[in-house]
Amino acid sequence: MTEKTLEQHTTDLNEDVAAIINAVANLTDEIFNELPHRRGMAGTKNVFGEEQKALDVWTNDVLVEELMKTGVVRTIVSEELGEPLHNPEETGDYVVTLDPLDGSSNIESNNLFGTIVGVHKEKETLTKGKNQVCAFYNLYGPITTLVCATKDGVNEFVKHRKGSTDYFLSRKNMKLKEPGSLMSIGGLPKDWTPAYREFVQEMMDAGKKIRYGGAFVGDFNQILYYGGFFSYPSLVDKPNGKLRLVIEANPMSFIIEAAGGACSNEKGSVLEILPDDPNQRTPIHVGNKDLIKRLEEIHGKY
Ligand code: AFP
C-alpha cells in the first residue's frame with residue numbers, strides 16, 4: 001500500500017497548522033532548485049552582525065511571502081528579519097518562528113543545511129517553547145526530508161523525485177533509540193566549562209561516537225535516528241552558547257520531547273524559558289532522557 005502523503009497527513013491536523021506546514025513544504029522544489037545557484041554573499045548583515053548569504057536572504061523572502069499568504073500567520077520571527085514581522089492586517093492566530101537556512105555556512109562547503117519552523121498559537125509574540133503546537137524542519141540533503149512533530153508524535157516524510165514529487169510518510173511515530181550511540185558537540189573544546197568536559201569524558205568512556213557536521217538540522221537529524229545527544233553548550237566566555245532560543249532551540253526541543261527525549265539549558269528544560277528577546281541565545285542539549293538527566297546532574301555539582 002502506498003504511504004500517506006504529507007498533505008493527506010496534515011488533514012488530520014488543525015487546518016491552520018496544516019496550511020503553515022504545506023506553505024513551507026510546497027516551496028521545497030523551488031528552494032532545492034535554487035541551491036546550486038546562490039552560494040555567494042548577499043552583501044548585507046543580519047542582526048547578529050553575520051554576513052548574509054544570498055541564499056539565506058532569498059529563502060527567507062520566499063518563505064515569509066508564502067506563510068503570510070496563508071492568512072493564518074499573525075507574526076513571523078525569523079533569523080534574517082531582525083525584528084518580528086507582523087501581518088499588516090493583524091489577522092491570524094499563529095506566530096511562526098523561522099530559521100530559513102539553518103547551517104548556512106555549510107552552503108559553500110556543500111554540507112547539510114535546512115529550514116527550521118516553530119508554530120505557536122499565542123497572543124504574545126514571545127512565549128515559552130512548550131507552548132508550540134507544532135515544529136518541523138526540512139533537510140535539503142541528498143534525500144530531502146521533512147520531519148514534523150505535534151504533541152502526538154514525530155513523523156518523517158521523504159520528498160520523492162520520480163513519478164509523484166509529493167512528500168511521502170517514511171518513518172512513523174519516531175522514538176529515540178536506546179541506548180543512544182552518538183554525540184554531536186559544538187563549540188571549541190578549549191572553551192568548554194569544567195562541568196561540560198566531565199560530561200563529555202563520561203560519554204566518551206561509555207563508548208559514544210562523535211559526529212558533527214555544523215548544522216543543527218543535520219546533526220539533530222542523526223540523533224533522532226541513532227539516539228545520543230546534540231549539544232551547543234555554554235562556553236567559558238559565552239555563557240549563553242551560540243544557538244538562538246526562539247528560532248533554533250525551541251522547535252528542536254519540542255521535536256525531541258515528542259520523540260521521547262529531553263532538552264536542557266544545563267539547568268532545566270529549554271521549553272520552560274520565557275524569552276525576552278527574539279534573538280536571545282541559549283546553551284542547548286537535546287537527546288535521550290537519561291543522558292540529559294546525567295548532564296544536569298553533573299552541572300549541578302559545579
Ligand atoms: P550558520 O547558520 O551561521 O551556519 O550557523 C549554524 C548554527 O547556528 C547551527 O545550525 C549549528 O549547530 C551551529 O551554528 C554551528 O556552529 P559552529 O560553526 O560553531 O560549529
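As a basis for the values below, the full set of heavy atoms in this structure was taken, side chains included, without hydrogen atoms, waters or symmetry mates. Both counts, for ligands and for their atoms, begin at 1 and track the order of listing.
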Practice problem: Flag yes if more than 12 heavy atoms outside Lys175 fall under 6.0 Å of its NZ atom; otherwise flag no. | Solution: yes
Exercise. Could you name each residue pair satisfying side-chain hydrogen bond (donor to acceptor under 3.5 Å, both in side chains) that touches residues 261-270, not counting sequence neighbours?
Key: Ser234-Glu266, Ser264-Glu296, Glu266-His285
Exercise. Report the residues that fulfil ring-ring contact (aromatic ring centres under 6.0 Å, His included) with Tyr94, sequence neighbours left out, ordered by chain and then residue number.
Key: none
Quiz item: Rounded to the nearest 0.5 Å, what separation is found between the CG atom of Leu112 and the CG atom of Asn221?
Solution: 8.0 Å
Practice problem: With sequence neighbours left out, write down each residue that passes side chain to side chain contact (heavy atoms under 4.5 Å, CB included) with Pro275, or none if nothing qualifies. | Solution: Leu126, Leu245, Val246, Gln280
Quiz item: Between Glu297 and Lys301, does at least one N-O distance fall below 4.0 Å, as a salt bridge requires?
Solution: no
Self-check item: Amino acids in close contact with ligand 1, where any non-hydrogen atom sits under 4.0 angstrom away
Solution: Asp102, Gly103, Ser104, Ser105, Tyr212, Gly214, Ala215, Phe216, Phe230, Tyr232, Lys242, Leu243, Arg244, Glu248
